[in-house]
Amino acid sequence: MDALKKELKENIIEQLNLEEFTVEDIDNDDALFGDGLGLDSIDALELIVMLDKDYGIKLTDPEKSKEIFQSINVLAEYVATHRVK
Amino acid sequence: MSKPVYIQEASLVTPLGFSIAANILALENEKSGIEEQHGTDILDTPFYAAMIVSKKIDAAFEKLGDPSKYMKLEKMLLLSVAETLEKSNLQLSEKTALIIATTKGSIDVLDPDISFPEERAYLPVLGKKIQSFFGFKQEPIVVSNACVSGILAVAVAKRLIQNNIHENAVVVAGDLVSKFTVTGFNTFQALSDGPCKPYSKFRNGISIGEAAASVVVSSEKKKNTFVQVIGDGSCNDANHISGPSRTGEGLLKSVQSAMREAEVSTNDIDLISAHGTATIYNDEMEAIAFNRAQLQDVPLHSLKGYYGHTLGAAGLLEAIIGFEAMNQNKLFTSLGYDESGTSKPLNIIQKTEKKTVNTFLKTASGFGGSNAAVLFKKVSCEH
Amino acid sequence: MVGATPLYSLKKFHVSTKLNIQAWCSVKNGTVSCNGKKIVSTDNEQTFSEFAKQIYKEQQWEYPKFYKMDRLSKLTFMTAEILLNEVTISSEEKEQLAVVFSNKSASLDTDRNYQNSINSIENFYPSPAVFVYTLPNIGMGEVCIRHKIQGENAFFVFDDFNPLFLKQYAESLAQNNKATQVLCGWTEIDEKGYKSFLYLASPNGTLPHTEETITKLYTQS
């Protein structure tokens with residue numbers, strides 16, 4: 001699980017061009033949106049594409065994605081259970 | 001007092017027909033051009049869009065030239081300009097501007113399966129095609145300002161004419177339904193799962209459409225001229241590059257700028273042809289902006305339920321329908337609307353009916369925080 | 001219409017709507033110049049993205065959204081940022097600040113990127129963050145967001161830099177009371193290279209806002 005969390009952080013940093021962040025800067029409980037990483041609506045859509053590309057997870061319900069993108073902990077939990085690749 | 005600027009002639013090339021009369025007939029019958037599209041090479045799943053059958057364009061284009069030599073959008077724009085020029089009998093002089101509004105031009109040429117040279121994707125190349133086809137004397141002015149392009153181009157024409165830079169202008173707007181735009185809006189999860197439903201509680205996204213539209217904007221009032229352009233504004237939200245402003249700031253400022261210039265009050269406006277893309281956030285933003293402008297009681301429609309969102313063409317296409325609304329004193333129903341789905345009330349037109357339309361407001365909003373508003377007034381004509 | 005009370009009273013603008021050039025800035029081939037002075041000159045071997053990152057760091061903009069922008073928006077943003085830091089524009093003046101940009105290739109630089117992501121069936125993952133930049137006016141929007149500019153906006157496309165049009169359109173905005181100052185220019189990036197040139201036309205300027213002067217400044221840059 002820790003490896004997955006690290007991988008998710010790396011992917012998020014790369015995919016969303018968070019140049020000024022390192023894996024160490026992101027706590028597992030940090031809010032990804034709002035005050036935390038300061039992500040916005042385009043980032044949310046980009047994360048949806050990332051989940052599809054890297055883990056074969058297809059999200060079509062915006063409400064569902066809001067829940068999953070709360071924090072690295074929540075996201076990793078969801079990916080671990082739903083990934084198909 | 002600035003010099004008056006008028007709209008002389010107009011023409012349309014849309015899925016609902018290649019003449020204004022055919023388009024108005026379809027609107028009166030509440031016929032939509034949006035259909036479920038299967039088996040296209042655009043998306044591997046069916047989607048809803050308003051598309052023009054290529055064969056119909058080619059058949060109509062025969063009178064102008066060899067259809068195999070031009071791309072689809074080029075043919076649509078040329079057909080529209082040819083009709084507008086024919087109707088208006090405009091003499092193209094050094095003082096005639098050619099203004100082209102488009103978001104993506106012939107973007108389909110980037111598709112590896114299309115055999116035309118890639119340079120056709122450059123908007124100045126598209127512009128030169130139209131310029132040389134008809135012999136315009138001035139280099140074309142291309143307006144590419146997201147989904148406000150079509151209506152902004154009318155404002156640009158008016159400003160250039162008022163300042164004596166040009167005497168008249170042919171303004172032509174067009175965009176395609178392409179794999180590029182459909183997949184893009186799909187990644188935004190912004191495509192509706194049925195024909196779009198502007199301002200409805202049940203709306204869930206846009207339907208894309210394709211169209212070309214053109215007008216002659218001129219300082220000259222001819223015998224049959226009945227539309228004057230009386231005010232305009234195009235202000236930025238300065239909020240987000242894709243998300244509509246929560247306060248409707250840029251749209252409000254655009255509308256206020258147009259009203260201030262035209263010296264009209266809210267009571268004077270008889271019809272608003274709004275943007276109404278049918279995304280949750282766009283329609284909500286407009287409802288907020290129109291309420292802040294105290295325009296919530298003015299009859300309002302979105303024509304996206306008939307044409308889909310025709311991107312850079314939308315503003316001009318929908319303005320032309322508005323001119324017919326003035327001409328015939330008729331309010332066209334806002335197709336796809338049922339129950340109110342915005343937090344602030346709007347007076348959505350729910351039945352096509354006769355009503356005097358003397359002053360009409362056209363608005364649009366788009367990516368990059370762009371907004372535009374243009375006010376038109378009916379003037380007496382001798383027809 | 002006659003006799004109607006305007007809801008929005010006519011705002012009083014500056015009496016003088018005469019525009020002059022107050023400041024200008026250009027970015028090309030690893031060089032940034034402002035008001036005729038070279039302020040950064042780098043190794044021309046750098047890619048544009050490396051160069052943009054270096055400028056961002058040197059100038060200490062602290063605006064991480066910069067990294068998310070496409071190349072055209074970065075170019076537009078950089079040039080505007082340096083220019084607008086040279087002048088003082090009050091928030092009241094910003095209400096009447098228009099932005100009029102132009103180029104040749106619109107957003108084709110990013111359009112090609114996006115197209116590549118939809119060409120392959122096996123690797124079909126189009127990116128919303130790329131798609132949103134496939135319009136030339138997005139960079140203009142980024143500048144407006146950064147500086148809270150809610151004035152008139154328009155993006156034009158021409159075959160080549162068109163100083164006469166910029167002058168005429170900027171003046172038409174001033175004469176129609178749509179703006180008192182106009183941020184104008186050219187911001188172009190394509191496979192062959194990049195060049196941007198922006199200037200501020202304002203009643204506070206000193207250089208004449210003429211086709212000749214604009215051409216001269218553009219060519220010297």
Side-chain angles (χ1 to χ4, degrees), chain B residues 2 103-105 107 110-112 121-124 127-128 139 141-146 152 156 159-160 162-163 165 179-180 183-188 233-242 249-250 253 256-257 259-268 294 358-359 366-370 377, chain C residues 1 4-11 73 95 99 104-108 111-112 114-115 117-119 121 124-128 131-142 144-160 162 165 168-169 171-173 175-178:
Chain B
S2 330
T103 63
K104 297 305 320 152
I107 193 67
L110 294 188
D111 195 307
Y122 286 84
L123 302 182
K128 285 225 167 71
E139 183 190 354
I141 298 163
V142 178
V143 178
S144 190
N145 207 88
L152 176 59
V156 169
R159 291 164 181 176
L160 296 175
Q162 277 182 331
N163 289 281
I165 295 155
K179 186 174 178 178
F180 192 103
T183 57
F185 283 107
N186 196 36
T187 71
F188 262 79
S234 177
C235 297
N236 201 288
D237 288 326
N239 173 61
H240 191 267
I241 53 168
S242 63
E249 197 66 20
K253 281 198 154 77
Q256 287 176 336
S257 173
M259 289 178 70
R260 197 160 50 223
E261 179 186 354
E263 295 187 34
V264 301
S265 72
T266 52
N267 297 333
D268 297 320
Q294 298 171 37
N358 288 328
T359 305
F367 277 0
S370 54
K377 171 178 98 161
Chain C
M1 204 101 51
T5 327
L7 178 67
Y8 308 107
S9 60
L10 283 157
K11 263 196 195 166
S73 295
E95 293 261 316
V99 188
K104 174 180 182 168
S105 306
S107 56
L108 267 172
D111 295 355
R112 290 191 185 98
Y114 181 78
Q115 182 71 38
S117 76
I118 57 172
N119 280 344
I121 298 167
F124 185 86
Y125 296 105
S127 153
F131 180 69
V132 74
Y133 284 101
T134 61
L135 292 164
N137 63 305
I138 303 296
M140 194 164 70
E142 296 280 19
C144 290
I145 293 168
R146 168 74 158 168
H147 293 276
K148 289 274 156 278
I149 301 169
Q150 294 184 325
E152 279 283 335
N153 262 210
F155 198 100
F156 295 97
V157 182
F158 292 102
D159 199 29
D160 209 342
N162 193 336
F165 180 82
Q168 289 173 332
Y169 191 71
E171 281 174 358
S172 79
L173 291 174
Q175 279 164 21
N176 292 3
N177 278 341
K178 299 294 181 189

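Numbers restart at 1 for each chain; the letters A, B, ... are given by sequence-line order, proteins then strands. Not measured: the values here are computed from a predicted model.
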Minimal non-hydrogen separation, C/K178 against B/S257, with atom names
NZ-OG, 3.0 Å

Between B/G250, B/S242, B/G127, B/A146, which residue shows the highest count of heavy-atom pairs closer than 4.5 Å to chain C?
B/A146

Would you mind reporting whether B/R159 and B/I165 have side-chain heavy atoms less than 4.5 Å apart?
no

Proximal component of C/I149, with respect to chain B [non-hydrogen, under 4.5 Å]
backbone

Yes or no on side-chain hydrogen bond (donor to acceptor under 3.5 Å, both in side chains) for C/E171 and B/N163, after CA distance, side-chain angles and deciding distance?
CA-CA 8 Å; C/E171 281 174 358; B/N163 289 281; over 6 Å; no

Winner by heavy-atom pair count (cut-off under 4.5 Å) against chain B, out of C/S105, C/A106, C/S107
C/S105

Lys/Arg N to Asp/Glu carboxylate O, B/K377 vs B/D268, below 4.0 Å
no

Can you confirm whether the side chains of C/Q115 and C/N119 place a donor and an acceptor under 3.5 Å from each other?
yes

Check each atom of B/I241 against the heavy atoms of chain C and say whether the ones under 4.5 Å are side chain, backbone, both or neither.
both

What part of C/I121 gets closer than 4.5 Å to chain B, counting heavy atoms only: side chain, backbone, both or neither?
neither

Heavy atoms only: give me the nearest B/V156-C/F156 pair and the separation to one decimal.
CG2-CZ, 3.8 Å

Given heavy-atom pairs under 4.5 angstrom as the criterion, report whether the side chain, backbone, both or neither of B/S234 touches chain C.
both

Once you measure the plane-to-plane angle for C/Y114 and C/F131, does it fall in the parallel (<30°), tilted (30-60°) or perpendicular (>60°) bin?
tilted

If only atom types and distance count, is the side chain of C/N137 paired as donor or acceptor with the main-chain N or O of B/F367 below 3.5 Å?
yes

Using a 4.5 Å cut-off on heavy atoms from C-beta on, say whether the side chain of C/Q175 contacts that of C/S172.
no

Please classify the contact of B/N186 with chain C as side chain, backbone, both or neither, using a heavy-atom distance under 4.5 Å.
neither

Quick one: which of C/E152, C/K148, C/R112, C/R146 has the most heavy-atom pairs under 4.5 Å with chain B, could you say?
C/E152

C/Y125 versus chain B, heavy atoms under 4.5 Å apart: side chain, backbone, both or neither?
neither

Of the backbone (N, CA, C, O) and the side chain (C-beta and beyond), which part of C/S117 lies under 4.5 Å from a heavy atom of chain B, both, or neither?
neither

Toward chain B, the part of C/F158 with a non-hydrogen atom under 4.5 Å
both

Option that, when pairs with chain C are counted at under 4.5 Å, heavy atom only, ranks first among B/G366, B/C235, B/S144, B/A121
B/S144

Below 4.5 Å, heavy-atom pairs only: which of B/V143, B/T183, B/L123 has the largest tally toward chain C?
B/T183

Nearest heavy-atom contact between C/F165 and B/I141 is CE1-CD1, 3.6 Å

Quick one: which of B/L160, B/N239, B/T103, B/N267 has the most heavy-atom pairs under 4.5 Å with chain C, could you say?
B/N239

Sort B/K179 into side chain, backbone, both or neither according to what part of it lies under 4.5 angstrom from a heavy atom of chain C.
both

